[in-house]
Every structure is written in C-alpha cells, then in structure tokens.
Amino acid sequence: MSSDAIRAALVQRLRISSGISDEDVSAILALPISVKQYAAERSVVSDGQRATDCCLIAEGFCVRSKTIADGRRQILSIHIPGEIPDLMSLFLHVMDHDLVTLTPCTLGFISHETLRKLHFRRPNVAEIFWRDTLIDAAMFREWIVNVGQRPAPARLAHVMAELRERLKIIGRAQTNSFEMPLTQEQIGEAIGITAVHANRVIRQLREDGVVDLHRGRVTVLDEAKFQELADFDNRYLHQSPAT
DNA sequence: TCATTAACTGAGG
DNA sequence: CCTCAGTTAATGA
C-alpha cells in the first residue's frame with residue numbers, strides 16, 4: 001500500500017470525528033512517513049521501550065495490552081485503520097504498555113520530531129490530536145466499566161458494538177456484519193475471562209439468536225436483542241466535533 | 001493451532 | 001438450588 005493511502009486513512013477518520021480543515025489536511029498529507037509491513041502477532045512497541053515515532057495504522061488490526069508477572073495478558077483496546085494508537089508516546093516517551101499487531105498490518109511511522117514541528121506550525125492540528133487522545137481516554141473509561149461491571153455476554157456484546165461503531169466511521173462495517181479478528185483466547189484476554197468461557201459465551205449468544213462470531217467476523221442476528229444486551233451508548237466516542 | 005464440548009468444581013446469591 | 005466461571009481433558013476442523 002502506498003503511503004498516500006495511509007495518510008488518507010488518517011484524514012478520513014479525522015474529518016469525521018474532528019471537522020479538520022482542508023489546510024490542516026494538506027499539512028498532514030505532506031508529512032514524511034515511513035511505511036512498514038508487519039505480520040500478525042508482532043510487537044510494534046513494547047512496554048518500557050522509548051518511542052521515537054508514532055504509529056498510524058493503514059491496514060489491519062492492532063491491540064494495546066499489558067502482561068502481568070504470571071504471564072497473563074490484559075487487552076486494553078482494539079485499534080483499526082486510520083488510528084494512531086500510540087499518539088501519547090509523543091509526550092510520554094517510555095511506553096507503559098505494549099502495542100501488538102493482531103492481523104498482518106501496514107503501519108506508517110511519523111517521527112516525534114515531525115509531529116512536534118507540526119504542532120507548532122498548526123495549532124489546529126495539535127488540538128485535533130489532543131481531542132483524539134481525550135477520546136482515547138474516554139474509551140478506556142468505558143472499557144473499565146465494561147470489564148468491571150457487566151456480565152460476560154454483555155461485555156462481549158459491548159466490545160462488538162463499539163468496534164462496529166468505529167468501523168462504520170471508516171466505512172468498514174455494515175450494520176449486521178463486520179470484522180473482529182480476535183481468537184477466543186484474545187477475546188478472553190480482552191474481557192477478562194478464560195478462552196473456554198469465551199467459547200461458552202459466544203455459543204450462548206449464538207443460541208440465543210443475538211449475534212454470531214465466526215472466523216473473525218461478527219454477524220448480528222437480532223439488532224434489538226444485540227443493542228439491549230450491549231447497553232451501548234455512542235456518546236463517549238464524541239464523534240461530532242460540534243457537540 | 002484454534003475451536004468445541006463435557007465434566008467437574010467452587011463461589012456466591 | 002441456580003448461575004457464573006475456572007480447570008482439565010478429550011476431540012474436531
């Protein structure tokens with residue numbers, strides 16, 4: 001994939017969620033960016049590492065995660081094309097978690113130096129990136145509530161509902177079907193249950209005619225049941241800049 | 001390797 | 001007694 005396509009993915013997302021101006025778009029499109037291909041399940045930046053670039057996902061899915069002493073891993077967030085999962089590293093240089101590819105990915109790296117200069121030259125872009133980081137924090141709050149308080153089937157449904165909403169923004173989800181390329185082990189790591197229990201939960205949702213998850217693709221079987229279970233309110237994604 | 005399922009267990013309501 | 005969820009183990013795709 002060309003680096004133009006990578007920039008386009010970012011701009012498409014920022015246009016919708018931040019109301020970015022054409023001039024700011026041009027400034028972003030002119031940034032030097034280094035494109036790299038990653039296989040699935042590869043570390044992009046690790047906990048404790050000093051980051052010198054920010055990573056823009058052009059193609060594929062990534063997760064952010066932390067691993068505890070006994071080796072168990074918590075998945076903290078799922079990331080899709082057009083996002084910059086490690087934007088915070090621009091100011092927090094030493095990573096406090098891992099960024100890992102889930103699927104084969106095309107990633108674009110923009111140096112901190114470049115981004116810093118852009119911030120001085122274009123305060124509007126700095127504001128947009130700040131806003132993006134705050135939305136990221138809002139998503140973490142929602143994730144905590146989800147994992148901490150909802151029963152397992154609702155937890156899974158909520159993660160699915162959020163992913164659908166975000167994929168829709170970049171034109172990659174239909175209402176009743178979208179990609180969710182996590183193994184059952186990874187689903188367990190995301191919502192705090194074992195892989196065996198993840199399997200039970202998925203089966204239950206399928207048997208109840210709510211939603212099906214098969215080979216990394218979600219199919220909503222009953223929209224009303226799905227919404228009720230997921231208890232999803234998209235306000236925390238703050239998609240319209242005006243409000 | 002990943003997904004599936006059963007059987008058993010214990011916590012907690 | 002019931003639901004939820006972890007563990008173990010066997011088996012299938």
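These numbers come from the heavy atoms of this one structure, side chains and all, not from hydrogens, waters or symmetry mates. Residue numbers start from 1 in every chain, and the chains themselves are labelled A, B, ... in the order their sequence lines are given, proteins ahead of strands.
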Notebook entry, point to check: Which sits closer to the 5' end of DNA chain B, Val196(A) or Arg215(A), going by the nucleotide each is nearest to?
Noted result: Arg215(A)
For a quick test of reading the model, state the closest non-hydrogen atom pair linking [X] to [Y] and the distance between them.
X         : Y         : result
Leu229(A) : Ala154(A) : O-CB, 3.4 Å
Asp222(A) : Lys225(A) : OD1-N, 3.1 Å
Phe109(A) : Cys55(A)  : CE2-CB, 3.7 Å

Rounded distance in Å - [atom1] ([X]) to [atom2] ([N]):
X         : N      : atom1 : atom2 : answer
Leu205(A) : dC4(C) : CG    : P     : 12 Å
Leu182(A) : dT1(B) : CG    : P     : 18 Å
Gln186(A) : dC2(B) : CD    : C1'   : 11 Å
Gln204(A) : dC2(C) : CD    : P     : 17 Å
Ile193(A) : dC4(C) : CD1   : C1'   : 11 Å
Arg72(A)  : dG6(C) : CZ    : C1'   : 10 Å
Ile191(A) : dA5(C) : CD1   : C1'   : 12 Å
Gln184(A) : dA5(C) : CD    : P     : 15 Å

For a quick test of reading the model: is some side-chain N or O of [X] closer than 4.0 Å to OP1 or OP2 of [N]?
X         : N      : result
Arg200(A) : dT7(C) : no
Thr194(A) : dG6(C) : yes
Asn199(A) : dA3(B) : no

Listing, residues 208-219 of chain A side-chain donor-acceptor contacts under 3.5 Å, not counting sequence neighbours, or none:
| residue | atom | partner | partner atom | Å |
| --- | --- | --- | --- | --- |
| Asp208(A) | OD2 | Gln204(A) | NE2 | 3.3 |
| Asp212(A) | OD1 | Arg206(A) | NH1 | 2.7 |
| Arg217(A) | NH1 | Ser177(A) | OG | 2.6 |

Checklist line | Test side-chain hydrogen bond (donor to acceptor under 3.5 Å, both in side chains) applied to His79(A) and Ser77(A), step by step | finding: CA-CA 7 Å; His79(A) 294 280; Ser77(A) 57; 2.7 Å; yes
Using a 4.0 Å heavy-atom cut-off across all strands, classify [X] as base, sugar-phosphate, or nothing.
X         : value
Gly216(A) : nothing
Ala195(A) : nothing
Arg155(A) : sugar-phosphate

Item checked: Among dA3(B), dG6(C), dT7(C), the one nearest His197(A) by side-chain distance -> dG6(C)
